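The structure displayed is predicted, hence computed values, not measured ones.
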Amino acid sequence: MRSRTLDWIALTLIVIGAINLGLIGFFQFDLIAMVFGGTGGWFTRLVYALIGLAGLYSLSLYARLDNDGVVHDEVS
């Protein structure tokens, strides 16, 4: 899988996680838990874990930023 594709997947998961955290903060409503079967369900925990991994992966964007804030992909 190309790095750019992985970047888009990670960004999508991060946005979903951010929207969910906003819903929790403003309305005490956990959309991910509601959709995937409660906070203790294995699939819900998997989704949370994937969002967390996407956040960790996105830290690699800092290494790819130049001084102007432009992301430079490594072409292989």
Side-chain angles (χ1 to χ4, degrees):
M1 183 179 313
R2 292 187 51 199
S3 176
R4 188 168 173 94
T5 303
L6 195 54
D7 291 346
W8 280 104
I9 292 169
L11 179 61
T12 302
L13 288 171
I14 291 167
V15 168
I16 290 168
I19 290 170
N20 193 58
L21 285 174
L23 288 171
I24 292 169
F26 287 117
F27 306 112
Q28 296 181 353
F29 177 70
D30 190 343
L31 180 64
I32 292 174
M34 188 199 75
V35 170
F36 295 113
T39 57
W42 69 270
F43 195 70
T44 302
R45 291 178 42 217
L46 177 66
V47 171
Y48 288 142
L50 289 174
I51 291 171
L53 289 172
L56 291 174
Y57 171 79
S58 70
L59 291 174
S60 70
L61 292 175
Y62 287 116
R64 292 187 275 154
L65 287 174
D66 65 8
N67 291 333
D68 297 327
V70 178
V71 176
H72 293 282
D73 289 329
E74 297 176 17
V75 179
S76 49

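Residues satisfying the side chain to side chain contact (heavy atoms under 4.5 Å, CB included) test with Ala33, not counting sequence neighbours, are Asp30, Thr39, Thr44, Tyr48. Shown here are the ring-ring contact (aromatic ring centres under 6.0 Å, His included) partners of Phe29, two or more places apart in sequence or in another chain: there are none.
When each of Ile51, Leu31, Val35 is checked for a side chain to side chain contact (heavy atoms under 4.5 Å, CB included) with Asn20, only Leu31 meets the rule.
Proximity of Val47 to Leu13: side-chain heavy atoms (C-beta onward) are nowhere separated by under 4.5 Å.
Atom CG of Leu21 and atom CZ of Phe26 lie 11.0 Å apart (nearest 0.5 Å). In this structure, the separation between CD1 on Ile9 and CG on Leu53 is 13.0 Å, given to the nearest 0.5 Å. With rounding to the nearest 0.5 Å, the separation of CD1 in Ile19 from CD1 in Ile14 is 12.5 Å. The CG atom of Asp7 lies 9.5 Å from the OG atom of Ser58; values are rounded to the nearest 0.5 Å.
Linking ILVMFWY side-chain heavy atoms closer than 4.5 Å, directly or via other members, places Val15 and Phe36 in a single hydrophobic cluster. Hydrophobic clustering, with ILVMFWY side chains joined whenever heavy atoms are under 4.5 angstrom apart, keeps Ile24 apart from Leu50.
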